[in-house]
Amino acid sequence: QSDFAGFVSLMMEDSNFRILYGGDIGTTGPGVGGDFVFTSLTFLQEVGGRESREALLKRWESFVNELNSNALLKTGQAVIYSNAFNEAYRKNAILSTTLSSWAL
């Protein structure tokens with residue numbers, strides 16, 4: 001762990017690295033001091049016009065569920081966060097509450 005922490009500390013001295021990845025590594029101390037609490041991975045995906053965001057969200061959910069089912073207990077759970085998927089979440093929530101209202 002100390003080799004990794006030393007490497008990350010060295011990389012954080014570069015302002016470009018710090019801007020891009022400074023918020024992706026959480027520790028209990030200042031900077032990268034103390035115990036590591038979390039890391040964040042960012043995936044960029046090209047989205048074609050033919051596949052809906054809902055379909056892409058289902059594919060990402062499947063990927064994350066598979067990741068979580070194979071993860072060690074101490075690694076914690078992966079989550080999906082994307083502004084692009086917020087629209088799909090809103091549509092599903094509106095549709096769900098509308099259908100529930102009609103059913104009553």
Side-chain angles (χ1 to χ4, degrees):
Q1 183 178 1
S2 62
D3 289 341
F4 177 72
F7 175 74
V8 172
S9 293
L10 181 64
M11 294 301 294
M12 286 293 188
E13 292 176 12
D14 180 276
S15 62
N16 291 326
F17 184 88
R18 194 171 48 252
I19 289 167
L20 290 171
Y21 303 107
D24 292 341
I25 301 170
T27 61
T28 57
V32 289
D35 294 328
F36 287 94
V37 179
F38 72 87
T39 58
S40 172
L41 298 174
T42 302
F43 294 93
L44 299 177
Q45 178 180 355
E46 288 283 329
V47 178
R50 296 186 335 187
E51 195 164 14
S52 70
R53 288 188 177 167
E54 288 84 359
L56 291 170
L57 176 59
K58 286 185 187 299
R59 287 176 46 200
W60 273 106
E61 286 174 337
S62 175
F63 170 74
V64 168
N65 288 338
E66 183 178 340
L67 248 165
N68 287 337
S69 69
N70 293 314
L72 301 173
L73 288 177
K74 70 180 194 174
T75 61
Q77 298 288 297
V79 295
I80 301 171
Y81 174 79
S82 169
N83 287 334
F85 292 145
N86 286 344
E87 181 182 332
Y89 284 126
R90 278 193 297 273
K91 282 182 182 176
N92 290 339
I94 290 169
L95 182 61
S96 175
T97 55
T98 302
L99 291 175
S100 295
S101 296
W102 286 349
L104 296 175

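Residues: numbered from 1 along the sequence shown. Below, each value reflects all heavy atoms present in this structure, side chains not excepted, and no hydrogens, waters or symmetry copies.
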- [ ] Carefully, step by step, assess Val8 and Ile25 under the rule side-chain contact (heavy atoms from CB on, under 4.5 Å).
- [x] CA-CA 9 Å; Val8 172; Ile25 301 170; 3.7 Å; yes

TODO: Taking Asn68 for its side chain and Ala78 for its backbone only, find out whether a donor-acceptor pair lies under 3.5 Å.
DONE: yes

TODO: Check whether more than 12 heavy atoms from other residues, nucleotides or ligands sit under 6.0 Å from atom CD of Glu61, and answer yes or no.
DONE: yes

Distance, nearest 0.5 Å, that separates [atom1] of [X] from [atom2] of [Y]:
X: Asn70; Y: Asn65; atom1: CG; atom2: CG; value: 11.0 Å
X: Ser69; Y: Glu66; atom1: OG; atom2: CD; value: 6.0 Å
X: Glu13; Y: Arg18; atom1: CD; atom2: CZ; value: 8.5 Å

TODO: Check whether Leu20 and Phe7 end up in the same hydrophobic cluster, where Ile, Leu, Val, Met, Phe, Trp and Tyr are linked by side-chain heavy atoms less than 4.5 Å apart.
DONE: yes

Task: Parallel, tilted or perpendicular: ring planes of Tyr21 versus Phe17, cut at 30 and 60 degrees - done: tilted

- [ ] Could you walk me through whether Thr27 and Asp35 pass side-chain contact (heavy atoms from CB on, under 4.5 Å), step by step?
- [x] CA-CA 5 Å; Thr27 61; Asp35 294 328; over 6 Å; no

